[in-house]
Engineer: 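Please find one structure pasted underneath; my questions will follow.
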Amino acid sequence: MESRPRLYLATAFILGIALTLGYKDVYPDLERRFRQQRRRTSTHVDSRAPFGTSQEGILKNHSHNSVSESPEADIRDGIEGCIGNTPLLRIKSLSEATGCEILAKAEFLNGAGNSPKDRVALNIIQTAEQEGLLTPHSGDMIYEGTVGSTGISLAAICRARGYLAHICMPDDQAAEKSDLLLKLGAEVERVRPAPIVDQNQFVNLARKRAAEHTADPNRRGRGIFADQFETEANWQAHFSTTGPEILNQTGGRLDAFVAGAGTGGTISGVALFLKPRLPELKVVLADPQGSGLYNRVKFGVMFDPKEREGTRRRHQVDTIVEGIGINRVTNNFETGRELVDDSVRVTDQQAIAMARWLVEKDGIFIGSSSAVNCVAAIKVAQQLGPGHRIVTILCDSGSRHLSKFWARAGAIGGTDDVSLDDILNLKQE
C-alpha cells in the first residue's frame, strides 16, 4: 500500500511535465491569435471618415471601426467605398541604397480611377450634392479641364453616381488617357496646349462648356465646372483622408514628406494635416523641369528660364512628365505653400532612369509623376542622411504612360550596373 502514494506522485509528476510541454507548444499560437484579435478590434484614426469631418472628429476613436462579428463587415459600398486606405509600402531598393526608409503611398490602388485624384473627384461631387448643385440621373454633367487623372476619376465616379463627365484636355497628353475616358463613357474634347490667359485653354474651355450647358433650355440638367485647381474640396480631401492615413500608418514616425504638385491639393492638404502634429516634419516639393513651382518655393516667384519671351516650346511646361508641374499660382497650392520647406528639381532623364530602376529592382511599374517623386525622395534622403524615414506618393500606373513617357524609357534590361548616383547625375537635355 505504501507504494501506491509513490505511484500517484510519479504519475502526477509525469503528467505535469507533459502539460508544461504541451502548453509551451500551444502558447505561441494562442498569443499570436490574441494579438491579431486585439489589432482587429483596436480603434485607430478613421481615414474613411466622411469628407468635411473635423480634425478632432477624424482623430477620435469610433466604435463603428471595430470589426463586426458578421462575415460581411468588410464589404464596401460601391466603387466609392474602394477609395482611400491605400497601402504604405517600403521601396526596398531605394531604402537599402540610401540607408533611409523610403515609404510610398500606393495611390494607384485607389479603386475608381486608380490615382490620388479619386479622393478629390469624390469630394468635389459629394460637396456639390450637399450644396444642391448636382442631382443624380437628372441630366446634370460635370465639366473639367485636366491632363488626364482627374478626368478619369471623375468619369468613373460620375457613372457610379448617376452623372456624365465632359473632359477637356490638351492634345499632347498620352493617347491612352483619352482612350480610357471614352471607354468610361465621358465626352472628351482635346484641344491644343495654350497658356491660361487663352480662352480656349483646356481649363477655361471646360468652364465655358459648363456655362453653355446650364444656359441651354434644350438640354437636360445643369453643367457644373469641377474647378480642381481652385476648389477647396481638393486640398480638403487630402487633409481629411490622405494625411490621417499617413499619420496612422507611420505611427507618427516620419521625417519628411515629398510630393509633386499639379493643382497642389495633395501637398497642401497633407502638409496642413501633418505639420501641426509633427512640427519637425520636412515637407518637400518634387518639381519637374520647366515648372515654375520650384522657384515659387525657393524664391517666392513663378519663373523658369523656358518661360522667357521667344523661348517657350510646344507646351506650357516643357517636359514629358504629366500630372505635375505648372507655371501659374493656384489656390490649392498657395493654401499650403508656407508649410512647404524646400523644393527639388527633377529632370526628365532622371525620372526615366528612376522609372526603369523601380521596375528592374522592385517590380514597381509607375508613371512619370511618381518617378519624379521617387527621385526627389532619394535626394532628400541624401540631404538628411541615413536613419530617416521619408514618405512619398506613387500616383498612377505606368500603363497610362506607354505612348509617351515609357516610349522614351524603352525596354527594360541590361542596366544592373546603374547606381542612384548615376541617376542623380543625369542632366537636363
Side-chain angles (χ1 to χ4, degrees), residues 38-67 82-91 95 100-110 115-120 122-123 232-261 264-286 332-333 335-342 370 373-374 376-377 380-381 384 387-395:
R38 284 192 64 183
R39 281 197 297 269
R40 284 196 298 267
T41 57
S42 63
T43 55
H44 56 278
V45 172
D46 185 11
S47 55
R48 287 179 294 181
F51 287 103
T53 302
S54 66
Q55 300 177 43
E56 293 76 18
I58 293 167
L59 294 174
K60 285 181 180 177
N61 294 329
H62 299 287
S63 60
H64 68 263
N65 285 337
S66 299
V67 174
C82 300
I83 297 172
N85 291 308
T86 55
L88 187 66
L89 62 92
R90 177 177 177 268
I91 303 181
S95 298
C100 289
E101 192 172 20
I102 308 293
L103 306 177
K105 194 86 166 103
E107 288 293 277
F108 62 88
L109 295 179
N110 277 300
S115 82
K117 297 302 184 180
D118 278 2
R119 302 174 187 266
V120 176
L122 180 59
N123 197 27
E232 292 194 345
N234 185 337
W235 69 262
Q236 288 172 351
H238 295 291
F239 178 89
S240 297
T241 64
T242 316
E245 287 173 28
I246 291 172
L247 184 68
N248 186 53
Q249 290 169 323
T250 60
R253 294 193 304 108
L254 177 61
D255 297 296
F257 174 70
V258 179
T266 302
I267 195 167
S268 287
V270 173
L272 285 163
F273 182 85
L274 291 180
K275 274 279 197 175
R277 295 162 177 82
L278 304 171
E280 301 302 315
L281 178 71
K282 186 174 185 180
V283 176
V284 181
L285 171 73
N332 276 283
F333 185 73
T335 296
R337 182 173 65 88
E338 291 187 356
L339 300 180
V340 179
D341 301 293
D342 199 4
S370 303
N373 287 344
C374 289
V380 172
L384 295 178
H388 292 86
R389 177 182 270 184
I390 298 158
V391 170
T392 192
I393 303 288
L394 298 183
C395 306

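If you read the sequence from its start, that first residue is 1, and numbering goes on from there. Both backbone and side-chain heavy atoms feed into the values below; hydrogens, waters and symmetry mates do not.
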Engineer: What residues, two or more places apart in sequence or in another chain, satisfy salt bridge (charged side-chain N to carboxylate O under 4.0 Å, His left out) together with Glu232?
Structural biologist: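 Glu232: no salt bridge (charged side-chain N to carboxylate O under 4.0 Å, His left out) contacts found.
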Engineer: Testing the basics here: between Ala271 and Pro276, what is the closest heavy-atom pair and its distance to 0.1 Å?
Structural biologist: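 Scanning both residues, the minimum pair turns out to be O-CD, 4.0 Å.
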Engineer: Which heavy-atom pair separates Leu394 from Ala104 by the least distance, and what is that distance?
Structural biologist: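 Answer, listing the atom of Leu394 first, then Ala104: CG-CB, 3.6 Å.
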Engineer: Nearest 0.5 angstrom please: Ile83 CD1 to Ser115 OG, how far?
Structural biologist: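 With rounding to 0.5 Å, CD1 (Ile83) is 9.5 Å from OG (Ser115).
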Engineer: Apply side-chain contact (heavy atoms from CB on, under 4.5 Å) to Leu247 and Leu278, showing your working.
Structural biologist: CA-CA 9 Å; Leu247 184 68; Leu278 304 171; 4.1 Å; yes
Engineer: Minimum heavy-atom separation for Ile102 to Ser95, with atom names?
Structural biologist: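 Scanning both residues completely, I find the closest heavy atoms to be N-OG, 2.9 Å.
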Engineer: Flag the pair Arg119 / Thr86 as yes when at least one side-chain heavy-atom distance between them is below 4.5 Å, and no otherwise.
Structural biologist: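 They are in contact (side-chain heavy atoms under 4.5 Å apart), so the answer is yes.
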Engineer: Considering all heavy atoms of both residues, which atom of Ile267 and which atom of Ala261 are nearest to each other, and what is their separation?
Structural biologist: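 So the minimum-distance heavy-atom pair works out to CG2-CB, 4.3 Å.
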Engineer: Are the side chains of Ser370 and Cys395 in contact, using a 4.5 Å heavy-atom criterion?
Structural biologist: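 Side chain of Cys395 against side chain of Ser370, heavy atoms only: contact under 4.5 Å found.
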Engineer: Roughly how far, to the nearest 0.5 Å, is CG of Leu89 from CG of Leu103?
Structural biologist: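 Result: 8.0 Å between the selected atoms.
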Engineer: For Asp255, check side chain to side chain donor-acceptor pair (under 3.5 Å) against everything at least two apart and list the hits.
Structural biologist: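 Side chain to side chain donor-acceptor pair (under 3.5 Å) list for Asp255, sorted by chain: empty.
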Engineer: Quick check for you: to the nearest 0.5 Å, what is the distance between Asp118 atom CG and Phe108 atom CZ?
Structural biologist: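 Output value for this atom pair is 13.0 Å.
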Engineer: Just verifying a value: how many Å separate Asn123 CG and Thr241 OG1, rounded to the nearest 0.5 Å?
Structural biologist: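 Interatomic distance, Asn123 CG to Thr241 OG1, rounded to 0.5 Å: 8.0 Å.
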Engineer: So does Gly260 get a backbone contact from the side chain of Asn373, meaning a donor-acceptor N/O pair under 3.5 Å?
Structural biologist: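 Judged by distance alone, yes, a pair lies under 3.5 Å.
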Engineer: Can you name the closest pair of heavy atoms from Lys275 and Leu339 and give their distance?
Structural biologist: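 Shortest heavy-atom contact: CE-O, 3.3 Å.
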Engineer: What's the separation between atom CZ in Arg277 and atom CG in Leu254, rounded to the nearest 0.5 Å?
Structural biologist: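 So the gap between those two atoms works out to 13.0 Å.
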Engineer: Ignoring hydrogens and angles, state whether a donor on the side chain of Glu107 or Asn110 is under 3.5 Å from an acceptor on the partner side chain.
Structural biologist: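 Judged by distance alone, the side chains do pair up.
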Engineer: Measuring from atom CG of Leu274 to atom OG1 of Thr242, what distance do you get when rounded to the nearest 0.5 angstrom?
Structural biologist: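 The CG atom of Leu274 sits 9.5 Å away from the OG1 atom of Thr242.
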Engineer: Name all residues meeting the side chain to side chain contact (heavy atoms under 4.5 Å, CB included) criterion together with Asn332; count only those two or more places apart in sequence or in a different chain, and write none if there are none.
Structural biologist: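 Scan of Asn332 (side chain to side chain contact (heavy atoms under 4.5 Å, CB included), adjacent residues dropped) gives Asn234, Trp235, Thr330.
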Engineer: State, to 0.1 Å, how close Ile390 and Ala377 come at their nearest heavy-atom pair, and which atoms those are.
Structural biologist: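 Scanning both residues completely, I find the closest heavy atoms to be CD1-O, 3.9 Å.
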